[in-house]
Student: 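Structure in structure tokens, see below.
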Protein chains: 2
Amino acid sequence: MAQLSDSIEQFIKELMQQDAHIELRRNELAQHFGCAPSQINYVLATRFSVDHGYIIESRRGGGGYVRIVRMQTRGEPNFLETLLNRVGNSVDEETACAIISNLFERKMITRSEAGLMRAAVSRNALALPISAKDVLRAAVFRNMLVQAFKNLEEEKRDDV
Amino acid sequence: MAQLSDSIEQFIKELMQQDAHIELRRNELAQHFGCAPSQINYVLATRFSVDHGYIIESRRGGGGYVRIVRMQTRGEPNFLETLLNRVGNSVDEETACAIISNLFERKMITRSEAGLMRAAVSRNALALPISAKDVLRAAVFRNMLVQAFKNLEEEKRDDV
DNA sequence: TGTATTGACCATCTTTGACTATTATATAGC
DNA sequence: GCTATATAATAGTCAAAGATGGTCAATACA
């Protein structure tokens, strides 16, 4: 069931395989998919947020554009710390899932590991009043993030 | 006379003869049988539950779906069900870790996955009064167990 | 009495459109 | 020429509508 949003996401990701940053016309893209221009914003907001590892820049007016940049974390020594700070002591499910997708796309965790992490932070798992949920989710998620990074180190060691 | 539920069950099982996993539209199926959509949920709950060897995933909204995955019980039948029962709605850290180790020894999860699961159920992760901890841990853990088994099915699919 | 069925109400995700904001370019006034 | 203003060409925001599936309690049926 290729949803319009999914197709647009795919399309953009294919474009980005070549380059770490692309530039496009919102209206053109919308026309290409025969949809409302604001649909593009929806896709960007739900699949290309900072938590997903992308930065969006744009400009209006004549010659306007939308630029999508894949954030670099190669060799970023404080990536884990950055993520832990982002999570803080309260995080919603959407943000957590975005970060998990990000880790997967960067090949830092496997598809299965991503699944496990999502399972642990899903609203189903955390059967609590909503207010407490985000706080607890953050605690569980932080723990898993640290572990995920430990796993990476382990693997590195095994490779040697 | 075959009940509606029985017909729907049959219908789904026939679909699943080809593939161990199918995806369908709840509303379409309901319409096909001229019944209330919630009837589908009833059938899924009573005939395609985990203890019947199935895992259900779904998504709402436009392009929504219901996916049914059949677990090929290799070795012990309903191993997942056994584990879920063991966990119940309250489990201590030691027991959870024992189960995780067991899954690893059976090569049902990787070392990394085991690490992630331990991280999620550790007492550090669940910062709550002790009484509530076990209950919450059970909820998180059950969710992860189901996911771990889903992962196994996924991998099997990828192998093919 | 236990199982099956339905319907009302809820939750989630997507798509659209009206309205707004910004920028480049053309035009007018000096 | 230079500046001010209008116009056109973009993109952004937000709330409403549309498209699904979920839950649960009341009711019907076997």
Side-chain angles (χ1 to χ4, degrees), chain A residues 1-12 22-50 52 54-69 92-98 101 118 121-130 133-134, chain B residues 1-12 22-52 54-69 143 146:
Chain A
M1 323 280 139
Q3 217 44 36
L4 179 53
S5 288
D6 297 332
S7 306
I8 297 175
E9 176 187 3
Q10 266 322 105
F11 183 82
I12 293 175
I22 61 169
E23 205 170 289
L24 44 84
R25 300 287 182 122
R26 187 181 79 148
N27 287 345
E28 265 180 24
L29 191 54
Q31 199 153 29
H32 181 264
F33 282 97
C35 64
S38 54
Q39 177 74 29
I40 306 302
N41 296 80
Y42 175 74
V43 174
L44 294 177
T46 56
R47 287 127 157 110
F48 294 89
S49 69
V50 168
H52 283 96
Y54 296 90
I55 292 175
I56 306 295
E57 294 168 47
S58 68
R59 200 169 175 184
R60 309 186 190 191
Y65 60 78
V66 174
R67 183 179 319 173
I68 308 173
V69 184
D92 61 30
E93 184 171 358
E94 201 186 341
T95 304
C97 284
S101 298
R118 275 190 220 100
V121 301
S122 87
R123 73 204 89 184
N124 290 337
L126 308 168
L128 283 177
I130 299 176
K133 244 179 227 212
D134 287 357
Chain B
M1 174 184 91
Q3 300 268 303
L4 215 202
S5 289
D6 295 330
S7 306
I8 298 175
E9 176 187 3
Q10 265 325 105
F11 183 82
I12 293 176
I22 61 169
E23 206 170 287
L24 45 84
R25 302 280 181 137
R26 187 182 78 147
N27 287 343
E28 265 180 25
L29 191 55
Q31 198 153 32
H32 182 264
F33 282 97
C35 64
S38 54
Q39 178 72 28
I40 307 302
N41 295 80
Y42 176 75
V43 174
L44 293 177
T46 56
R47 287 129 157 108
F48 294 89
S49 62
V50 165
D51 57 326
H52 286 91
Y54 296 89
I55 294 175
I56 308 293
E57 290 173 71
S58 67
R59 196 176 170 193
R60 309 185 189 189
Y65 60 78
V66 174
R67 182 178 315 166
I68 308 172
V69 183
N143 236 44
V146 172

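Reminder, nothing fancy here: chain letters follow the sequence lines and each chain counts from 1. If you're wondering where the values come from, they're calculated on a predicted model, not measured in any experiment.
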Student: Using a 4.0 Å heavy-atom cut-off across all strands, classify A/Asn27 as base, sugar-phosphate, or nothing.
Tutor: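 Touches sugar-phosphate only.
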Student: For a quick test of reading the model, state the closest non-hydrogen atom pair linking A/Ala125 to B/Asn143 and the distance between them.
Tutor: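 It is CB-ND2, 3.7 Å.
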Student: Counting side-chain heavy atoms from C-beta on, which of D/dT10, D/dG21, C/dT14 comes nearest to B/Val66?
Tutor: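 Side chain of B/Val66 sits closest to D/dG21.
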Student: Any luck finding a side-chain donor-acceptor pair between A/Glu93 and A/Ser122 under 3.5 Å?
Tutor: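 On atom types as modelled, these side chains do not qualify, holding no pair under 3.5 Å.
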Student: With respect to the side chain of B/Ser58, which nucleotide from D/dG22, C/dT14, D/dA11 is positioned closest?
Tutor: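 Selected nucleotide (nearest to the side chain): D/dG22.
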Student: Is B/Ser5 close enough to C/dT5 that one of its side-chain N or O atoms is under 4.0 Å from OP1 or OP2 there?
Tutor: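 Checking C/dT5 against B/Ser5, a side-chain N or O does come within under 4.0 Å of OP1 or OP2.
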Student: Using modelled atom types only, decide if a donor and an acceptor are shared between the side chain of A/Ser7 and the backbone of A/Gln3 within a distance under 3.5 Å.
Tutor: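 The answer is yes, because a donor-acceptor pair under 3.5 Å joins these two groups.
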Student: Examine D/dG22: is either OP1 or OP2 under 4.0 Å from a nitrogen or oxygen in the side chain of A/Arg123? Give yes or no.
Tutor: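 A/Arg123 to D/dG22 OP1/OP2: no side-chain N or O under 4.0 Å.
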Student: If I take atom OG from residue A/Ser58 and atom CD1 from residue A/Ile68, how far apart are they, to the nearest 0.5 angstrom?
Tutor: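 If we round to the nearest 0.5 Å, A/Ser58:OG and A/Ile68:CD1 are 10.5 Å apart.
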Student: Starting from C1' on C/dT14, measure out to CG on A/Asn41 and report it in whole angstrom.
Tutor: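 For the pair A/Asn41 CG and C/dT14 C1', the rounded distance is 14 Å.
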Student: Roughly how many Å is it from CD1 in B/Ile40 to C1' in D/dT23, rounded to a whole number?
Tutor: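 Roughly 15 Å, once rounded to whole Å.
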Student: Give a yes/no answer on whether the side chain of B/Arg60 brings an N or O atom under 4.0 Å of OP1 or OP2 in D/dT23.
Tutor: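 It does not, given that no N or O in the side chain of B/Arg60 lies less than 4.0 Å from OP1 or OP2 of D/dT23.
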Student: Could you tell me whether A/Arg67 contacts a base, only the sugar-phosphate backbone, or nothing, with contacts defined as non-hydrogen atoms closer than 4.0 Å?
Tutor: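 Counting heavy atoms under 4.0 Å across all strands, no contact is made by A/Arg67.
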Student: Do A/Arg26 and D/dG12 share a donor-acceptor pair, side chain to base, under 3.5 Å?
Tutor: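 Yes.
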Student: Could you give the CD-to-C1' distance, from B/Glu23 to D/dT20, as a whole number of Å?
Tutor: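 Going from CD in B/Glu23 over to C1' in D/dT20 covers 13 Å.
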Student: Does OP1 or OP2 of C/dT14 have a side-chain N or O of B/Arg59 closer than 4.0 Å?
Tutor: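 The answer is yes; a side-chain N or O of B/Arg59 sits under 4.0 Å from OP1 or OP2.
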Student: Between D/dG22, D/dA11, C/dA4, which one does the side chain of B/Gln39 approach most closely?
Tutor: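 So the nucleotide nearest the side chain must be C/dA4.
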Student: Whole angstrom is fine here: how far is it from CD1 in B/Ile68 over to P in D/dG21?
Tutor: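 It works out to 12 Å between those atoms.
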Student: Please compare B/Thr46 and B/Pro37 by the position of their nearest nucleotide in DNA chain C and report the one closer to 5'.
Tutor: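 Its nearest nucleotide being more 5', the pick is B/Thr46.
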Student: To the nearest angstrom, how far is A/Gln31 atom CD from D/dA11 atom P?
Tutor: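 Computing the A/Gln31:CD to D/dA11:P distance gives 12 Å.
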Student: Given atom OH of B/Tyr42 and atom P of D/dC29, what is their separation to the nearest angstrom?
Tutor: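 Rounded to whole Å, this separation is 15 Å.
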Student: Start at the 5' end of DNA chain C and walk down; is the nucleotide closest to B/Ile8 or to A/Gly61 reached first?
Tutor: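 Its nearest nucleotide being more 5', the pick is B/Ile8.
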Student: Which whole-number value in Å describes the distance from B/Arg25 CZ to C/dT12 C1'?
Tutor: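 Spelled out: CZ on B/Arg25 to C1' on C/dT12 is 15 Å.
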Student: Looking for any heavy atom pair under 4.0 Å, which part of the strands does A/Gly64 touch: base, sugar-phosphate only, or nothing?
Tutor: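 Sugar-phosphate only.
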Student: Classify A/Ser38 by what it touches in the nucleic acid, base, sugar-phosphate, or nothing, heavy-atom distance under 4.0 Å.
Tutor: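 Base, at least one base atom sits under 4.0 Å.
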Student: Of the non-hydrogen atoms in B/His52 and B/Thr46, which two are nearest, and what is the gap between them?
Tutor: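 Closest pair (atom of B/His52, atom of B/Thr46, distance): CE1-O, 3.1 Å.
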Student: At less than 4.0 Å, is any side-chain N or O atom of A/Gln3 found next to OP1 or OP2 of D/dA19? Yes or no.
Tutor: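 The answer is no; no side-chain N or O of A/Gln3 sits under 4.0 Å from OP1 or OP2.
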Student: If every non-hydrogen atom of B/His32 is compared with every non-hydrogen atom of B/Phe11, which pair is closest and at what distance?
Tutor: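 In this case the closest contact between B/His32 and B/Phe11 is CE1-CE1, 3.8 Å.
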Student: Separation of B/Tyr65 atom OH from C/dT14 atom P, in whole Å?
Tutor: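 After rounding, the reported distance stands at 10 Å.
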